[in-house]
J.: 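Dropping the structure in here first, questions after.
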Amino acid sequence: MIDYGAIEKKWQKRWEESNAYEPEPNEKKPLLVTAAWPYVNMPLHIGHLKTYAITDMYARYMRLAGYNTLFPMGFHYTGTPIIAIAKRIAERNKDVLDEIKVYNIPDSELPKLSDPLYMADYFAKDTVRGLRAAGLGIDWRRSFNSINPFFSKMVEWQFSKLVAMNLLEQGEHYVAWCTNEGNPVGQHDTKGDVHPEIEKVAMVAFKVKDESASFLCTTYRPETIYGVSNLFIAKGAAYSLVSISGKDYYISKSAAKELAYQLKMEEKGDVSSDELLAKSALNPLTGEEIPILPGFFVDESFGTGIVMSVPAHAPFDYVALKRLEREGYKVPSSYKKVISLEGDAEQSIPSMVYLSMFGAGESASDDLIEEATKKLYSAESHNGKMSVGKYAGSTESEAREYIKRDLLADGNALESYIISNSPVFCRCGTRAIIKIVNDQWFINYGDKAWKEKVKALFASTEVYPKKMRAAYDYTIDWLDLRALERAQGLGTRFPLNPKHIIESLSDSTLYMAFYTISHIIASNNISADKAKPEFFDYVFLGIGTVDSASAASGIDPLVVKRCRESFAYWYSNTSRHSASELIYSHLTMYLFAHAAIMPKELFPKRIVTNGMQLYEGKKMSKSLGNIVPIADAIKKYGADNLRAIEIAGTELDTDTDFSVAAVSGLMQRNDFLYNTIKSMEEMDSGGLRPIDYWLYSKLNAKISSVTKDMGLLYVKSAFGSIYYDSINEIKRYLERGSPNQIVLSEFLSKVTIMLSPFMPHIAEEFWEMLGNDGFAIEQAWPQPDIGMINGPIESCEDVIDATLSDIKGIITVMSPKNGGSMPSEVAIIIADEWKFKAYNYLVDSKKHSEVIAKSESFGATKEDVSKYILQYKNPNSVTMKVSFTSEELRSAMEDASKYMSSKLGCAVKVYSESSSSSARAQRAQPEKPGIELKWGQS
RNA sequence: GCAGGGGUGGCGGAGUCUGGUCAAUCGCGCAAGGCUUAGGACCUUGUGCCUUAGGGCUGCGUGAGUUCGAAUCUCACCCCCUGCACCA
């Protein structure tokens, strides 16, 4: 049994003692691999480990492949969640305390975590411990966080560059807003972590009859305006008369309050709902006069608190009218249908049809009506056609845009934003609304020239998995204005508005460059006030000289020089790693930042993304309570086993499942390898047999295919070949008896090197047990000896396998007829060479007649050849030549006969067809030797 | 809706680019036997259907097409997953 804990500690210590992961520039080719830095509002769990483990595997592989490889890691502090969590720890919020419980934080630490910075530092340290324990080869000297003052200066420098390039813009922007706290509201600021979904909607104005003012109705479906039978308001609610851009409108009082955050508006006075009910309105498109009625479902706080009633298409409107009718109200009697669905009856009222589909009558619950509304809305949006009005005949979705455009152009409508999943509450308890901010700064990712530059440079960036390239291309096109500042949170102050901080994604697009100098800055204790633009200009862009940069910054010229050299060396070859979800945000912004600021030869060379890590088939989440901290998993399963599953459980593009069953499979196999290596002392090393050549062939073919797979980051396939296949091959090799120590040792040593990126600790242990010097992780990746790849001998081995399984099958069938006894002897009859030649000729010619005509050249009679070759009825299906000769197969079979004999429990004799007197001899085919079982006396 | 990815055995997941060596690598699960005081582990065998001297049939979301031959190529349709921004 392997003691994983002991092995892990042993090798981690030795690696550390030899500074194995603290590279500096040298004569080798450089490679800087970086993974998206973790956001430390919680400790890491095994779901987070995946990307880092893959990055580490890649770094280790490239190191073996001859690169001087650097893998640094920092921590992301920017934004509000760290503050939010710390605050809730201070409040002793039960959810957060429960969530944090799985990480075994000592009671003495817990109170201190209510300080956001202390908490972030604490979780960062915890993360370092976890990643070290997982055996990641990270250069921790270079670690920094996103609020490091020197780094902040770099971010400021970065944004000053963008300003100079005219890539920032100021303008209007909408945000979800808490009126109580005076802050924007993001998902983590809301009760229940609900994301406020923001939508742009139309507000249609219905002029009041005999008045200059209009009713303003929020609607998703302006195209249904032709079918409006009345307006609904909330009875008993307070309404206001307001003036927007010189026009008067009635809206609910609460809407007036909220819309004031979006539109310039003046409140002119209160109006009661009864007053409104007494009025009537004019349809802006049809001019029809319509009544105002109380709607039971109208929410004064949603939209404008006035709803246009389209009973034919809106189930709520329909039900409301029916209820009013029953209560004795005078209600419109015609439900005008304006949209038709294919196949519906002309007279049918869609809202009635859908209500009855759900078994919902006039007294149905709101939920049921809601359900019918959704279905009808979806059906009409997808397949509905306008049946009336200017756009009759066009699809509903087209008509919606056209009609909205017309209404806006004619001054019959306004636009506003609403929270479509309203109500969303801020944690303080206030309902969130939408605010339009008009001095908001944006990064203009919509800039055409910038986009073109990114596209041009990105064309030569390698993307893994390859098929993700389309997603980047799409995102490059799609990215547009992006707000870059926020009112709250940790981070770097935005130079153009120091009250705000630079938003968390925007401050993390160039930080990987800082790793190349962070340890130099730290070890020389250089303070942030020396981080002058001239310093960054020189180090990152080569603008100016060592002396000018030193003079401007006050930093020692030798330090400046070292920074410049370090950056120029490492940044010339970079590989970026993250989960694939970041393609749509961070990774593409990272491309934009590099295109704008960095010299084009330093543009990212490679981006690698991966899927998620699942746990027992499910996404890990606090609500499922299935979060496994990294330290726990390592203790339980072993770092290498955890790594292997996370890295190579699937290929990069799919999610990986972590299951305990998979771990136990790995443990058993590790034990097998361990025991095999231990038992090697007793092995001899004599002359080579076919099976030895077979193992060499497998080894070299493996090196060749794995090298190819690793180059394309087909991780699962590579690992399968290195690990599972090798184990199966060793088992087979050992079964054949008399294993050769030299052969097996070479096989295992090379496999161990290839295994080390995945399972570094175990690989080191095996490497040492095999009697090799140095670290496995510092060896050269094996080169395949193509000459040792022996197709014929592998094919012969396959034939041996197939023959064995054929024989077993026949024995199973025949035994009962022979009183349950086993055969006393099995004769294996190898086809004569002429059959090989005839067969191969058929593959080429595809014509029986041509093969038969050539009979003599194969050394056989026409009769024999035609009898043999005609059994391949469709020559087109004979496509693969036999790669070995009759004699090669005979000798391999001979060598395997002892093994077959032990498997079958009876004597096995090998004959050639011509020397066999068996009646079954002529059945022998090149890849299917004849078989004869003998019962009784042998 | 827009964009990207995907539908293969009880399950995870190969194979698809480059059609034939594919009843389908590998792994998990399951079943029987061996070993064991017992359990676990380990080893052997089996695991679509029908056969029974190494054979045949059906099958890779649905339907059609190309081809001597299709999981693989073409067309149409159905279904699922992810992202859609100020959120790290």
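Numbered from 1 within each chain, the chains take letters A, B, ... in sequence-line order. Computed from a prediction, not measured in an experiment: that's the story for all the values here.
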J.: Report the distance from atom NZ of A:Lys200 to atom P of B:A85, rounded to the nearest whole Å.
T.: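 So the two atoms are 14 Å apart, to the nearest Å.
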
J.: Would you indicate, yes or no, if B:A88 has its OP1 or OP2 atom less than 4.0 angstrom from a side-chain nitrogen or oxygen of A:Ser585?
T.: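 No, no such contact exists.
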
J.: Determine, step by step, whether A:Lys455 and A:Asp477 satisfy the salt bridge (Lys or Arg N to Asp or Glu O under 4.0 Å) criterion, reporting the C-alpha distance in whole Å, the side-chain angles of both residues, the deciding distance to 0.1 Å, and the verdict.
T.: CA-CA 9 Å; A:Lys455 279 186 196 168; A:Asp477 276 330; 2.7 Å; yes

J.: Checking base pairs now: Watson-Crick or wobble, both atom distances under 3.5 Å. What partners B:G33?
T.: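 Checking every strand shown, B:G33 finds its partner in B:C43, with both distances under 3.5 Å.
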
J.: With respect to the phosphate group of B:G6, does any side-chain polar atom (N or O) of A:Lys467 fall under 4.0 Å of OP1 or OP2?
T.: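 So the side-chain polar atoms of A:Lys467 do come within 4.0 Å of the phosphate oxygens OP1 or OP2 of B:G6, strictly under.
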
J.: Do the rings of A:Phe494 and A:Phe159 sit parallel, tilted or perpendicular, given the 30° and 60° boundaries?
T.: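 The rings of A:Phe494 and A:Phe159 stand perpendicular, inter-plane angle above 60°.
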
J.: Taking the nucleotide of RNA chain B with the nearest heavy atom to each, does A:Ile931 or A:Lys846 sit closer to the 5' end?
T.: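 Nearer the 5' end of the strand: A:Lys846.
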
J.: Using whole Å, report how far CD1 of A:Ile810 lies from P of B:A53.
T.: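 Rounding to the nearest Å, CD1 of A:Ile810 and P of B:A53 are 9 Å apart.
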
J.: Under 4.0 angstrom, heavy atoms only, what part of the nucleic acid is A:Leu505 near: base, sugar-phosphate, or nothing?
T.: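 Since a base atom lies under 4.0 Å of A:Leu505, the category is base.
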
J.: Going by purine N1 to pyrimidine N3 plus the second Watson-Crick contact, or the G-U wobble pair, all under 3.5 Å, which nucleotide sits opposite B:G27?
T.: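 Its partner is B:C11 (Watson-Crick or G-U wobble, both distances under 3.5 Å).
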
J.: Please measure how far the P atom in B:U25 lies from the corresponding atom in B:U47, and state the result in whole Å.
T.: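 After rounding to an integer number of Å, I get 12 Å for this pair.
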
J.: Pick the closest RNA chain B nucleotide for A:Ser877 and for A:Arg482 by heavy atoms, then say which residue is nearer the 5' end.
T.: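 So the residue in question is A:Ser877.
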
J.: Rounded to whole angstrom, note down the P distance from B:C75 over to B:G6.
T.: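 Result for the P pair: 16 Å, nearest Å.
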
J.: Determine whether the aromatic ring centres of A:Phe123 and A:Phe75 lie less than 6.0 Å apart.
T.: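 No - the distance between ring centres of A:Phe123 and A:Phe75 does not fall below the 6.0 Å cut-off.
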
J.: If the C1' atom of B:C11 is compared with that of B:A24, how far apart are they to the nearest Å?
T.: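 It works out to 16 Å between them.
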
J.: Counting the atoms with a prime plus P, OP1 and OP2 as sugar-phosphate, which does A:Ile443 contact under 4.0 Å by heavy atoms, base, sugar-phosphate, or nothing?
T.: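 No contact.
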
J.: Between B:U52 and B:A70, how far is it from one P atom to the other, in whole Å?
T.: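 Approximately 29 Å lies between the P atom of B:U52 and that of B:A70.
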
J.: Ignoring the backbone of A:Lys808, work out which of B:C2, B:A88, B:U45 is nearest its side chain.
T.: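 When the side chain of A:Lys808 is considered, B:U45 is the closest of B:C2, B:A88, B:U45.
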
J.: Tell me which nucleotide, if any, is Watson-Crick or G-U wobble paired with B:C2 when both distances must be under 3.5 Å.
T.: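 Checking every strand shown, B:C2 finds its partner in B:G83, with both distances under 3.5 Å.
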
J.: Ring-plane angle category for A:His76 and A:Trp37, please: parallel below 30°, perpendicular beyond 60°, tilted otherwise.
T.: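 Ring orientation of A:His76 relative to A:Trp37: parallel.
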
J.: The side chain of A:Trp478 lies closest to which of these nucleotides: B:A85, B:G83, B:C87?
T.: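 Of the options given, the side chain of A:Trp478 lies nearest B:A85.
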
J.: Please report, rounded to the nearest Å, how far the P atom of B:C28 is from the CG atom of A:Leu666.
T.: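 Taking atom P of B:C28 as the reference, CG of A:Leu666 is at 9 Å.
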
J.: With a non-hydrogen cut-off below 4.0 angstrom, is A:Glu735 in contact with a base, only sugar-phosphate, or nothing?
T.: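 Counting heavy atoms under 4.0 Å across all strands, the contact made by A:Glu735 is with sugar-phosphate only.
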
J.: Can you tell me how far P of B:U82 sits from OH of A:Tyr472, to the nearest Å?
T.: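 Taking atom P of B:U82 as the reference, OH of A:Tyr472 is at 19 Å.
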
J.: Checking A:Tyr723 side chain against A:Leu666 main chain: does a donor-acceptor pair fall under 3.5 Å?
T.: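 Yes; judged by distance alone, with no hydrogens or angles, the pair exists.
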
J.: Does A:Lys716 place a side-chain N or O at less than 4.0 Å from the phosphate oxygens OP1/OP2 of B:G13?
T.: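 It does not, given that no N or O in the side chain of A:Lys716 lies less than 4.0 Å from OP1 or OP2 of B:G13.
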
J.: Indicate, with a heavy-atom threshold strictly under 4.0 Å, whether A:Pro465 touches base, sugar-phosphate, or nothing.
T.: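 If one applies the 4.0 Å heavy-atom cut-off, A:Pro465 turns out to touch nothing in the nucleic acid.
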
J.: Starting from P on B:A85, measure out to OH on A:Tyr445 and report it in whole angstrom.
T.: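 Answer to the nearest Å: 16 Å.
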
J.: Under 4.0 Å, heavy atoms only, any strand: does A:Lys731 hit a base, just the sugar-phosphate, or nothing?
T.: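 Contact class for A:Lys731: sugar-phosphate only.
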
J.: If I pick the C1' atom on B:C73 and the same atom on B:G20, what distance separates them, to the nearest angstrom?
T.: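 One C1' to the other, the span is 14 Å.
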
J.: What's the closest nucleotide to the A:Asn874 side chain, out of B:C87, B:U52, B:C68?
T.: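 Of the options given, the side chain of A:Asn874 lies nearest B:C68.
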
J.: Looking only at the side chain of A:Asn876 (C-beta and beyond, no hydrogens), which of the listed nucleotides B:C68, B:A88, B:U45 gets closest?
T.: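 Between B:C68, B:A88, B:U45, the one nearest the side chain of A:Asn876 would be B:C68.
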
J.: Suppose we define a pair by two distances each less than 3.5 Å, Watson-Crick or G-U wobble; what does B:C75 pair with here?
T.: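 Looking at the geometry, B:C75 pairs with B:G63.
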
J.: Determine yes or no for a side-chain-to-main-chain donor-acceptor pair under 3.5 angstrom, with A:Arg669 supplying the side chain and A:Gly665 the backbone.
T.: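 Yes; at least one donor-acceptor contact below 3.5 Å.
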
J.: Return the nearest nucleotide to the side chain of A:His76; candidates are B:G4, B:A88, B:A85.
T.: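 Of all the options, the side chain of A:His76 is nearest to B:A88.
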
J.: Taking any heavy-atom pair under 4.0 Å as a contact, classify A:Asp480: base, sugar-phosphate, or nothing.
T.: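 Since a base atom lies under 4.0 Å of A:Asp480, the category is base.
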
J.: Within the pair A:Arg486 and B:C87, is there a side-chain N or O less than 4.0 Å away from OP1 or OP2?
T.: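 Yes, such a contact exists.
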
J.: Nearest-Å distance, CG (A:Asp801) to P (B:U21)?
T.: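 Those two atoms, CG and P, are 18 Å apart.
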
J.: Categorize A:Thr78 for me: base, sugar-phosphate, or nothing, with a 4.0 angstrom heavy-atom threshold over every strand shown.
T.: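 Sugar-phosphate, no base atom in range.
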
J.: In whole angstroms, how far is the P atom of B:A14 from the CG atom of A:Asp725?
T.: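 Atom-to-atom, A:Asp725 to B:A14, this comes out as 15 Å.
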
J.: Determine whether more than 12 heavy atoms belonging to other residues, nucleotides or ligands lie under 6.0 Å from atom NZ of A:Lys87.
T.: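 Counting neighbours around NZ of A:Lys87, 12 or fewer heavy atoms of other residues, nucleotides or ligands fall under 6.0 Å, so no.
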
J.: Return the value, rounded to whole Å, for the distance between atom CD1 of A:Ile829 and atom P of B:G54.
T.: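 Rounding to the nearest Å, CD1 of A:Ile829 and P of B:G54 are 15 Å apart.
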
J.: Look at the side-chain N and O atoms of A:Lys928 and state whether any lies under 4.0 Å from the OP1 or OP2 oxygen of B:G55.
T.: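 Checking A:Lys928 against B:G55: at least one side-chain N or O falls below 4.0 Å of OP1 or OP2.
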
J.: May I ask you to evaluate whether A:Asn728 reaches the phosphate of B:G27, defined as a side-chain N or O under 4.0 Å from OP1 or OP2?
T.: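 So the side chain of A:Asn728 is within the cut-off, an N or O lying under 4.0 Å from OP1 or OP2 of B:G27.
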
J.: Under 4.0 Å, heavy atoms only, any strand: does A:Ile807 hit a base, just the sugar-phosphate, or nothing?
T.: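 The residue A:Ile807 makes no contact with any strand.
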
J.: Over 60° means perpendicular and under 30° means parallel, so classify the ring planes of A:His45 and A:His48, tilted if in between.
T.: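 Correct class here is tilted.
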
J.: In whole Å, what separates the P atom of B:A53 from that of B:G59?
T.: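 The answer is 27 Å between these two P atoms.
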
J.: Mind checking A:Glu485 for me? I need base, sugar-phosphate or nothing, with any heavy atom below 4.0 Å counting as a touch.
T.: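 The residue A:Glu485 makes no contact with any strand.
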
J.: Would one find more than 12 heavy atoms of other residues, nucleotides or ligands at under 6.0 Å from atom CD of A:Gln488?
T.: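 Atom CD in A:Gln488 is packed in, count exceeds 12.
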
J.: For B:U16 and B:U82, measure between their P atoms and round to the nearest Å.
T.: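 After rounding to an integer number of Å, I get 27 Å for this pair.
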
J.: Within less than 4.0 Å of OP1 or OP2 of B:C28, is there a side-chain N or O belonging to A:Arg669?
T.: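 Answer is yes, contact under 4.0 Å.
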
J.: Would B:G20 be called syn or anti, given that syn covers angles within 90° of 0?
T.: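 Nucleotide B:G20 adopts anti.
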
J.: Measuring only the P atom in each nucleotide, how far is B:C78 from B:G19? A whole number of Å is fine.
T.: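 So the two P atoms sit 29 Å from each other.
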
